[in-house]
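Comments concern the structure below.
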Amino acid sequence: MGEYTTFSCDSCGYRLERLRWGVGLNDCRERLLPALCHECRTIVEVDLTGRDVLIDEFRCDVCGALVSFFEKGQSYCCPKCQAPDLKIKQEGYW
């Protein structure tokens with residue numbers, strides 16, 4: 001099931017609300033994951049529906065640079081200030 005996810009940083013105030021993460025509740029073919037753009041320093045939602053993650057390149061919607069994916073369970077740093085305590089809150093399903 002996919003969850004709506006909010007990323008926030010207490011150190012610098014960075015906030016990204018309601019990014020979709022996971023497999024769609026109503027359509028199991030729909031897959032979305034968060035990814036970090038190292039160029040513009042933001043977290044973006046990447047649509048993996050019908051894509052091959054081993055072959056396809058995934059780019060930032062904001063600046064077009066290549067992105068790297070987050071993995072659940074790993075420790076996250078703020079993309080703006082690099083503080084090691086980026087908060088992730090998951091609530092609600094999509």
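Because the structure is predicted, anything quoted here is derived from the model rather than measured.
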Euclidean distance, [Y] [atom2] relative to [X] [atom1], rounded to 0.5 Å:
X   : Y   : atom1 : atom2 : result
T5  : Q90 : OG1   : CD    : 4.0 Å
D47 : E30 : CG    : CD    : 6.5 Å
M1  : N26 : CE    : CG    : 10.5 Å

By ring-ring contact (aromatic ring centres under 6.0 Å, His included), F58 pairs with (sequence neighbours left out) F69

Which residue pairs pass the side chain to side chain donor-acceptor pair (under 3.5 Å) test when at least one of the two sits in residues 56-69, sequence neighbours left out?
H38-S68, R51-D56, E57-R59

So which heavy atom on [X] is nearest to which on [Y], and how close?
X   : Y   : value
P34 : I43 : CB-CG2, 4.1 Å
R18 : T6  : N-OG1, 3.7 Å
L86 : S8  : CD1-O, 3.3 Å
V67 : A35 : CG2-CB, 3.5 Å
P79 : L36 : CB-CD1, 3.4 Å
D85 : S11 : OD1-OG, 4.0 Å

Tell me whether T49 contacts the main-chain N or O of R31 through its side chain, where contact means a donor paired with an acceptor under 3.5 Å.
yes

Do side-chain atoms of K80 reach the backbone of R41 as a donor and acceptor pair under 3.5 angstrom?
yes

Other residues, nucleotides, ligands: >12 heavy atoms within 6.0 Å of Q82 CD
yes

Hydrophobic side-chain clustering at under 4.5 Å (ILVMFWY, transitive links): who's grouped with Y4? Put none if nobody.
L32, W94

Consider only side-chain heavy atoms of I, L, V, M, F, W and Y, link residues closer than 4.5 Å, and tell whether I88 and L33 are in one cluster.
yes

Linking I/L/V/M/F/W/Y whenever any side-chain heavy atoms sit under 4.5 Å apart, do Y14 and V44 land together?
yes

What is the ring orientation for Y76 with W21, classed by angle as parallel under 30°, tilted 30 to 60°, or perpendicular over 60°?
perpendicular

